[in-house]
Amino acid sequence: MNTPMPYQIPILGTVADGYRFLVGRFTAWFQLAIVPLVIWVVVHTAVSLGWLAGANLGLGSDEPLAAYWLLNAPFFIAYLLVTVALLLYAVALHRLVLDLPGSAGAFAWLTWHARHLRYVGQAVIVAAITLIGIIVSGTFVPMVGAIAGMTGVLESTAGQVTLAVIILLLFAVPIALLSCMVLPALPAAAAEDHAVTLSEASNQAKGNLWRMTLTFMLGGILPFWLIERGISLFIQRTATDPGAELPAEITVIIVNFLGFTVLIVLLTLIYRRLRGNKTLRVDQTPR
């Protein structure tokens, strides 16, 4: 008896479906996106122009630590507002891709339900896993660089490229794979699919971690990184007015927001493919 091949996510097919959704449902997702994007741009503009600098709550404080936190409180609150807006937008966008009830409309994102708390909990764990990987990498990458410097590897372009590839393979790729292992739990939380816990998400992603990583890289991270770099280089070469810095920063924010949108869409499609093609462990027949 032939054992069926385990399900594998189609990389290019998933990317194509993601962009097909973005084009075909442009009005729907743009309605969700416009207010969170405006919030991000307004907050960044306020910080860049110093509008929040006057709200120094730490003036007159005799405690240096308290003065420091009070000084930065307006900025913390402002970017907390951006974070909450992006969180609400992400949950709403997950639901829109899955075509769930109440997912369409300009203010469909402006709600708070139990699913948001679950989403935050899952996101904190995903972020913690990623942070642990970054901390570990931050410990060993300088060591690798120091060894390369002592051996003269960095003196040639080929050596620098080789070192970059080694660091990518040893540190960046494992971090990406670890993150992908639990990422399907996020759209599951947004869809209130309580059967897909972090453990179950890890089990569902098993055998597809490389495919998930490549899907995110090819579909979202690499294209928008190249776009951002291209915009930055163009502005550096053409802009002579110091006042052009803020429009350039806003342009980068828009690019990053679009990249965030693409990644959320791709993650949702991955979750839907895994959910529809892989049996949960609780549903498997005991042997």
Side-chain angles (χ1 to χ4, degrees), residues 14-47 77-124 126-127 179 183-194 196 201 212 215-216 218-221 223-225 227-228 231 249-276:
T14 304
V15 172
D17 285 348
Y19 281 93
R20 194 175 295 117
F21 167 84
L22 291 168
V23 173
R25 300 293 304 276
F26 174 80
T27 301
W29 70 262
F30 185 75
Q31 284 181 339
L32 290 177
I34 187 63
V35 177
L37 176 58
V38 168
I39 290 174
W40 191 357
V41 169
V42 168
V43 166
H44 182 80
T45 301
V47 172
I77 293 171
Y79 280 106
L80 179 62
L81 176 63
V82 174
T83 302
V84 172
L86 291 176
L87 164 71
L88 295 172
Y89 169 64
V91 173
L93 185 56
H94 283 307
R95 295 178 64 81
L96 180 66
V97 176
L98 296 170
D99 202 22
L100 296 175
S103 58
F107 296 100
W109 65 277
L110 196 57
T111 57
W112 186 268
H113 299 283
R115 59 176 171 264
H116 291 88
L117 288 175
R118 184 177 177 84
Y119 193 92
V120 170
Q122 310 288 49
V124 167
V126 172
S179 301
L183 278 177
L186 294 180
E192 298 178 297
D193 182 5
H194 301 309
V196 181
M212 291 171 65
T215 299
F216 292 133
L218 296 177
I221 296 173
F224 285 93
W225 180 80
I227 292 171
E228 182 181 333
I231 291 173
E249 292 171 355
I250 292 175
T251 301
V252 171
I253 287 175
I254 293 173
V255 172
N256 287 332
F257 186 88
L258 290 175
F260 176 74
T261 297
V262 171
L263 291 175
I264 292 295
V265 170
L266 293 176
L267 175 57
T268 311
L269 293 176
I270 287 172
Y271 156 76
R272 187 167 66 186
R273 289 182 183 276
L274 292 175
R275 193 68 171 91

Could you pull out every donor-acceptor pair under 3.5 Å between side chains of residues 36-46 and any protein atom, sequence neighbours left out?
| residue | atom | partner | partner atom | Å |
| --- | --- | --- | --- | --- |
| His44 | NE2 | Ser48 | OG | 3.3 |
| His44 | NE2 | Glu249 | OE1 | 2.8 |
| Thr45 | OG1 | Val41 | O | 2.7 |

Heavy-atom side-chain proximity of Thr261 to Leu22 below 4.5 angstrom: yes
So CG of Asp99 and CZ of Arg25: to nearest 0.5 Å the spacing works out to 6.0 Å
Just so I know, are the side chains of Asp17 and Arg273 near enough to count as touching, which here means a heavy-atom distance under 4.5 Å? yes
Closest heavy-atom contact between Ala188 and Val196? CB-CB, 3.6 Å
Checking side chain to side chain contact (heavy atoms under 4.5 Å, CB included) for the pair Leu258/Val262: CA distance, chi angles, key distance, verdict? CA-CA 6 Å; Leu258 290 175; Val262 171; 5.6 Å; no
Please assess Leu263 against Phe224 for the test side chain to side chain contact (heavy atoms under 4.5 Å, CB included), listing each intermediate value before the final yes or no. CA-CA 10 Å; Leu263 291 175; Phe224 285 93; over 6 Å; no
For the residue pair Trp29 and Phe26, categorise the inter-ring angle as parallel (less than 30°), tilted (30 to 60°) or perpendicular (more than 60°). perpendicular
Is it the case that more than 12 heavy atoms not belonging to Trp112 sit under 6.0 Å from its CH2 atom? yes
How many angstroms lie between OG1 in Thr268 and CZ in Arg275, if you round to the nearest 0.5 Å? 14.5 Å
Aromatic rings Phe260 and Tyr89: how do their planes relate, parallel, tilted or perpendicular, breaks at 30° and 60°? tilted
Side-chain H-bond candidate by donor/acceptor type, His94 with Tyr119, under 3.5 Å: yes
Compare all side-chain heavy atoms of Tyr271 with those of Leu186 and state whether any distance is below 4.5 angstrom. no
Please report the C-alpha distance between Tyr19 and Val265 in whole Å, then the side-chain angles of each, then the deciding distance to 0.1 Å, and finally whether the side chain to side chain contact (heavy atoms under 4.5 Å, CB included) criterion is met. CA-CA 9 Å; Tyr19 281 93; Val265 170; over 6 Å; no
Search all heavy atoms of Arg118 against all heavy atoms of Ala189 and return the closest pair with its distance. CG-CB, 3.9 Å
Pairwise distance CG(Asp193) to CZ(Arg115) - rounded to 0.5 angstrom: 13.0 Å
Candidate pair His113 and Val91, rule side chain to side chain contact (heavy atoms under 4.5 Å, CB included), full reasoning: CA-CA 10 Å; His113 299 283; Val91 173; over 6 Å; no
Work out which heavy atom in Pro187 is nearest to a heavy atom in Leu98; give both atom names and the distance. O-CD1, 4.5 Å
CZ/Arg95 to CG/Leu32 distance, rounded to the nearest 0.5 angstrom? 11.5 Å
If you round to the nearest 0.5 Å, how far is CG of Leu269 from CG of Leu274? 11.0 Å
What distance do Gln122 atom CD and Leu183 atom CG have between them, rounded to the nearest 0.5 Å? 11.0 Å
Of all heavy-atom pairs between Thr14 and Leu266, which one has the smallest distance, and what is that distance? O-CD2, 3.7 Å
